[in-house]
Amino acid sequence: MSRLGNRNIIIPKNILIKLKKNVISVTGPLGTIYMKRIGELKIELEEKKLTIQRIENNKYNKSLHGLYRMLINNMIIGVLYGFKKELELKGVGYKVALDNEKKVLEFHLGYSHNIVMNLPKELKVEIKNEKNQNTRMILRSYDKQLLGIFAAKIRSLRKPDPYKGKGIRYINEYILKKAGKTTVK
């Protein structure tokens, strides 16, 4: 039995939810998010609350019940407040440049070439370069899934090194460092 799926979702005042066949759309002050619905779930929209129920009680629908409740709840939180992730570039010469006109990020990560990434339109990026500090990137979006995927792609460009800790990491991420080789005398 899904305990999360049985909870009702309370809808704030300035959020508009539309249910069409297999598409759920949530509109708020920060934007609009669409999601396709799969499985045999019954979604009912009342004045100030949204309920999700299973039509059939098979294993597949049970697994989707709590998932869809949380996805819809995250959509509401996203268009109302938004989400953010912070990344840090640690290493000598590691830099990132943002071109707001072209919506492009250009990374200098110690490779023989620069890495260029196009930004999705739903994503906003802020770069902080402070003296004697590592470069920080703040990613903001109203779509939690897109934000997590894009932050993971950026981190995968140069994962943190287990010996020195150089690379791209999330803020407050703990890197387990290995001891280097030692010689016996």
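Numbers here are sequence positions counted from 1.
Remark: Met75 CE to Leu80 CG distance equals 13.5 Å, nearest 0.5 Å. With values rounded to the nearest 0.5 angstrom, Tyr170 atom OH is found 11.0 Å from Ile175 atom CD1. To the nearest 0.5 angstrom, Tyr81 atom OH is 15.5 Å from Arg140 atom CZ. Here Asp143 contributes atom CG and Phe83 contributes atom CZ; the two are 9.0 Å apart, rounded to the nearest 0.5 Å. Atom-to-atom distance recorded for Ile33:CD1 and Ser141:OG is 7.0 Å, nearest 0.5 angstrom. Separating the NE2 atom in His108 from the CG atom in Leu89 is a distance of 10.5 Å, to the nearest 0.5 Å.
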### Message
Using the rule given for side chain to side chain contact (heavy atoms under 4.5 Å, CB included), can you reason through Leu71 versus Gln145, listing the C-alpha separation, both sets of side-chain angles and the distance that settles it, and then say yes or no?
### Response
CA-CA 9 Å; Leu71 289 175; Gln145 291 177 351; 3.1 Å; yes

### Task
Give the C-alpha distance, both sets of side-chain angles, the deciding distance and a yes or no for side chain to side chain contact (heavy atoms under 4.5 Å, CB included) between Tyr111 and Leu157.
CA-CA 10 Å; Tyr111 296 120; Leu157 295 176; 5.6 Å; no

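Residues in residues 76-99 take part in these salt bridge (Lys or Arg N to Asp or Glu O under 4.0 Å) pairs, two or more places apart or across chains: Lys84-Glu86, Glu86-Arg136. Contacts classified as salt bridge (Lys or Arg N to Asp or Glu O under 4.0 Å) and involving residues 111-128 (residues at least two apart or in different chains) are not found. Here salt bridge (Lys or Arg N to Asp or Glu O under 4.0 Å) pairs that include residues 159-169, with residues two or more places apart or in two chains, number zero.
In plain terms, the two heavy atoms of Leu139 and Phe150 that are nearest each other are CD1-CD2, 4.5 Å.
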Throw together a table of side-chain donor-acceptor distances under 3.5 angstrom for residues 8-32, partners on residues two or more places apart or in other chains.
from: Thr27; atom 1: OG1; to: Thr32; atom 2: OG1; distance (Å): 3.4

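By the rule that hydrophobic residues join a cluster once side-chain heavy atoms approach within less than 4.5 Å of another member, Leu146 and Ile72 end up as members of separate clusters. The hydrophobic cluster containing Leu50 also contains Ile38, counting ILVMFWY residues as joined when their side-chain heavy atoms lie under 4.5 angstrom apart, directly or transitively. Ile115 and Leu98 fall within the same hydrophobic cluster, defined by Ile, Leu, Val, Met, Phe, Trp and Tyr side-chain heavy atoms under 4.5 Å apart, directly or through other members. Ile171 and Phe107 sit in two unconnected hydrophobic clusters of ILVMFWY residues. Membership requires side-chain heavy atoms under 4.5 Å apart, directly or through other members. In the hydrophobic clustering of this structure, Tyr60 groups with Met35; members are Ile, Leu, Val, Met, Phe, Trp, Tyr whose side-chain heavy atoms approach within less than 4.5 Å, directly or through other members.
Side-chain contact between Ile43 and Leu45: absent, with no pair of heavy atoms (C-beta onward) separated by less than 4.5 Å. Using a 4.5 Å heavy-atom threshold, the side chains of Val96 and Val125 count as separate. Side-chain contact between Lys103 and Asn118 is absent, with no heavy atoms from C-beta onward closer than 4.5 Å. Using a 4.5 Å heavy-atom threshold, the side chains of Thr135 and Tyr94 count as separate. In this structure, Met137 and Ile168 have side chains that are not in contact, with every pair of non-hydrogen atoms separated by 4.5 Å or more.
Considering only residues two or more places apart in sequence or on other chains, Arg155 meets the salt bridge (charged side-chain N to carboxylate O under 4.0 Å, His left out) condition with Glu173. Every residue meeting the side chain to side chain donor-acceptor pair (under 3.5 Å) condition with Glu106, not counting sequence neighbours, appears here in chain and number order: Asn114.
When atom types are taken as modelled, the side chain of His65 and the backbone of Ile52 share a donor-acceptor pair closer than 3.5 angstrom.
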